[in-house]
Number of protein chains: 2
Amino acid sequence: MTDDAPPLDGEQLGAYFALMEVGSLLQHAVEQQLRASGDLSWVQFQLLARLADAPRGSRRMTDLADDVVYSRSGLTYQAGLLDKAGLITRQPSTDDERSTTVTITGAGRAVVARVLPGHVDVVRQLLFDPLSRHDLGTLGSVLTRVRDHMRAAPPRSAKPRSRTKPRPE
Amino acid sequence: MTDDAPPLDGEQLGAYFALMEVGSLLQHAVEQQLRASGDLSWVQFQLLARLADAPRGSRRMTDLADDVVYSRSGLTYQAGLLDKAGLITRQPSTDDERSTTVTITGAGRAVVARVLPGHVDVVRQLLFDPLSRHDLGTLGSVLTRVRDHMRAAPPRSAKPRSRTKPRPE
DNA sequence: TATTGTTATACTCTATAACTATA
DNA sequence: TATAGTTATAGAGTATAACAATA
């Protein structure tokens, strides 16, 4: 709550707005492609992609929620859809019976594979076409640094995951 | 539908995912700040910010929709909320009776002013803190180029009808 | 008691299509 | 006819809180 913060200068504002706008436009374009080619939402694609990349195609619910969604009930909802569509399975974890292990199925991998070429196409056309190789390197390195910073320093309000006992009444 | 598209290489994938992740995390953090300090959603803030920046605090509905939202009914919904809250007014345009001119009110500007310091704080902490001046410049220039490219080449499915308008006043 | 996940519920938001009014 | 905007509606998605089961 530092109120004496100096305003962002023009360069910062420009970068900030450009970033948000690019993110929005890209997500929007990609969402349409995913919906058309695989009947997937952006979140669902992200979940499948993370699973496809994970060690044995598996990941715990909470970890997935940490990755892409911001509430566990939201993830339960999405996982329910993916499960019903046969793209993932859910089993109780062997080591911790409280946990649920989510695993991508063959059908899930197939959907990812089917959707990916067009997806990549959209991203390339919108994001990479106007960029030189050098631009790409810089962009990646800068954004990776920012992401790590964001992940390392959760803004304290991002997740009330540990119930802080807010004294009910 | 180019199926023979080469996949994105590792560097491209990394930049793409980092961009989307950074955008999501930043938007999420900012949204919480906006909700807490001014009871605004991200879209509503964007609308008010665009209006506050516009010539006489005014803008046409369609132009606003082009700016931030992707359907005019969606904008009507948001404008209805902002109108009811007294943050904007809507009047028929003087030159074209079909158009509606949206204008930010004093209360609207006040809300923006009240919300802005904390907003800027969040953005600085999350986005700019880990960046050098040089990084910032590069990021801004690259992303601005990308945005212009995206705006210039609508992905053909972004807007069924209304977007075909390269006709200036 | 703390953690994992689900459920019930209420709410926000978005988009499509039909409609009115003006150009 | 084409454009600007609203409305009706329906659906997707999200978060909060209460809940059960396990650690």
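Here is how names work: the chains are called A, B, and so on, in the same order as the sequence lines, proteins then strands, and each is numbered from 1.
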>> Applying salt bridge (Lys or Arg N to Asp or Glu O under 4.0 Å) to A:Asp96 and A:Arg60, what does each step give before you reach the verdict?
In response: CA-CA 10 Å; A:Asp96 186 338; A:Arg60 294 184 348 155; 5.1 Å; no
Give the table of side-chain donor-acceptor pairs shorter than 3.5 Å for residues 45-55 of chain B, with sequence neighbours excluded, one pair per line with atom names and distance.
from: B:Gln46; atom 1: OE1; to: B:Trp42; atom 2: NE1; distance (Å): 3.3

Nearest-neighbour nucleotide for the [X] side chain, [options] considered:
X: A:Ser71; options: C:dT14, D:dA4, D:dA15; value: D:dA15
X: B:Thr76; options: D:dT6, C:dT6, D:dT14; value: D:dT6
X: A:Arg60; options: D:dG5, C:dT4, C:dT22; value: C:dT4
X: B:Leu81; options: D:dG13, C:dT6, C:dC13; value: C:dC13
X: B:Asp96; options: D:dG5, C:dA23, C:dT14; value: C:dA23

> What residue among A:Gln27, A:Glu21, A:His28 forms side chain to side chain contact (heavy atoms under 4.5 Å, CB included) with A:Leu25?
Replying inline: A:Glu21
With a 4.0 Å cut-off on heavy atoms, is [X] in touch with a base, just the backbone sugar-phosphate, or nothing at all?
X: A:Ser41; answer: sugar-phosphate
X: A:Thr100; answer: sugar-phosphate
X: A:Leu64; answer: nothing

>> Please determine whether a side-chain nitrogen or oxygen atom of A:His28 lies at a distance below 4.0 Å from atom OP1 or OP2 of C:dA15.
In response: yes
> Closest nucleotide of DNA chain C for A:Ser99 versus for A:Ser73: which of these residues is on the 5' side?
Replying inline: A:Ser99
